[in-house]
Amino acid sequence: LETALAAIAHVTMTVEPATAVVRVDGSLVGGEGPVRELRLDPGQHNVRVEAEHHEPEAITVAVVDGERAQRSVTLAHLPEPTGPATLRVTSAVAGASILVDGIEVGQGAYVDEIEAGEHVVEVTASGHLPFRRTLRLSAGERHDLHASLLEDGSGGLLEDPVFWLI
C-alpha cells in the first residue's frame, strides 16, 4: 500500500476564475476557490477547466511517480454578445396600440429587432386599463411579451344606465 501511495502524483492547480469547474479525465474534481489539489496516477491526464461566461480550456498534464507539480489555468472571458434584441409584443385586444419608448410601433401585434438595453412597452385600448412594462433586453435575446388588457370597470354605479332607471 505504501508503494502505491508513494506513486501518486500531487498537482496543485490554480484556476481563474475561482468559480471554475475542473475535470480530470472527464471526472469532476471537488473543491472550491482558486486552488485545487489533484492526486493523479502516473501518466498523462486530460484536464478541462470551464466557467460560466468564459472560454473553456483543456490541457494535458503528464506526471511521474510521486511528482509534485503546479499548473495554472486562467480562462478568457467570452465577449459580450453584440447586436440587437428581438421584441415580440401581442395583445389580447385586437387593434390595441403598442408603444415602445413612447413611440407607437403597431396595432395588436409587433415584432422587430430593437437596440439592446432598457425599454418601456405600453399597450393601450379603448375601454381597457393600460398595460406597461419596463424590460432590459440583452444583445441577441428574443423576448415575447403578451399584454392581457383588463376591461376598465372604472365607470362605477353612477355611469350604469340601469341605475338611472330605478
Next item on the list: Check G83 against A139 and note the closest heavy-atom contact, atom names and distance.
Entry: O-CB, 3.2 Å
Notebook entry, point to check: What pairs meet the salt bridge (charged side-chain N to carboxylate O under 4.0 Å, His left out) rule with one or both residues in residues 138-149, with sequence neighbours excluded?
Noted result: R88-D144, R142-D144
Next item on the list: With side chain to side chain contact (heavy atoms under 4.5 Å, CB included) as the test, would you mind laying out the steps for H128 and D152 before giving the verdict?
Entry: CA-CA 4 Å; H128 293 79; D152 184 0; 5.6 Å; no
Check: Where do V11 and V63 land on the side chain to side chain contact (heavy atoms under 4.5 Å, CB included) test, with the steps shown first?
Finding: CA-CA 9 Å; V11 178; V63 291; 3.8 Å; yes
Next item on the list: Could you grab the distance from atom OG1 of T19 to atom CD of E32, nearest 0.5 Å is fine?
Entry: 10.0 Å
Check: Heavy-atom distance under 4.5 Å between the side chains of V64 and P42, does that happen here?
Finding: no
Check: Are Y110 and L149 co-members of a hydrophobic cluster defined by side-chain heavy atoms under 4.5 Å apart?
Finding: yes
Check: When rounded to the nearest 0.5 angstrom, what is the spacing between CG in L137 and CD in E113?
Finding: 12.0 Å
Next item on the list: Taking the side chain as every heavy atom from C-beta outward, state whether L87 and V100 have any pair of such atoms under 4.5 Å apart.
Entry: yes
Margin query: Restricting to side-chain hydrogen bond (donor to acceptor under 3.5 Å, both in side chains), what partner residues turn up for D41, sequence neighbours left out?
Written below: none
Notebook entry, point to check: Once you round to the nearest 0.5 Å, how far does CG of L40 lie from NE2 of H45?
Noted result: 4.5 Å
Next item on the list: Could you pull out the closest heavy-atom pair between A20 and L75, with the gap in Å?
Entry: CB-CD1, 4.4 Å
Margin query: Quick check: do V47 and T60 have side-chain heavy atoms less than 4.5 Å from each other?
Written below: no
Notebook entry, point to check: Quick one: do L99 and L135 end up in the same hydrophobic cluster if we chain Ile, Leu, Val, Met, Phe, Trp and Tyr together by side-chain heavy atoms under 4.5 Å apart?
Noted result: no
Check: Around H53, counting heavy atoms of other residues, nucleotides and ligands shown, do more than 12 lie under 6.0 Å from its NE2?
Finding: no
Next item on the list: Heavy atoms only: give me the nearest R36-G30 pair and the separation to one decimal.
Entry: CD-O, 4.4 Å
Check: With side chains defined as the heavy atoms from C-beta onward, is the minimum distance between S72 and M13 less than 4.5 Å?
Finding: no
Next item on the list: Could you grab the distance from atom CD1 of I98 to atom OG of S91, nearest 0.5 Å is fine?
Entry: 6.5 Å
Check: Would you say V15 and V22 make side-chain contact, with heavy atoms under 4.5 Å?
Finding: yes
Notebook entry, point to check: Do you know the tightest heavy-atom contact between A92 and H146?
Noted result: N-CE1, 3.6 Å
Notebook entry, point to check: Are side-chain heavy atoms of H54 and P17 found at a separation under 4.5 Å?
Noted result: yes
Notebook entry, point to check: If you look at every heavy atom in T74 and E57, which pair is closest and at what distance?
Noted result: O-OE1, 3.7 Å
Notebook entry, point to check: Out of curiosity, L129 CG to L150 CG, how far, rounded to the nearest 0.5 Å?
Noted result: 5.5 Å
Checklist line | Hphob cluster co-occupancy, L145 + V93, side-chain heavy atoms under 4.5 angstrom | finding: yes
Checklist line | Side-chain touch H10/L38, heavy atoms, less than 4.5 angstrom | finding: no
Check: Closest approach of Q44 and A62, non-hydrogen atoms and distance?
Finding: CG-CB, 3.9 Å
Note to self: Using modelled atom types and a 3.5 Å cut-off, is there a donor and acceptor pairing between side-chain atoms of D25 and backbone atoms of N46?
What the structure shows: yes
Checklist line | Side-chain heavy atoms of V49 within contact of I59, under 4.5 Å | finding: no
Note to self: I need the H143 NE2 to R133 CZ distance, nearest 0.5 Å.
What the structure shows: 9.0 Å
Name each donor-acceptor pair under 3.5 Å that joins a side chain in residues 114-127 to protein atoms two or more places apart or in another chain, with its distance.
residue: H119; atom: ND1; partner: D101; partner atom: OD2; Å: 2.6
residue: H119; atom: NE2; partner: E115; partner atom: O; Å: 2.6
residue: E122; atom: OE2; partner: R132; partner atom: NH1; Å: 3.4

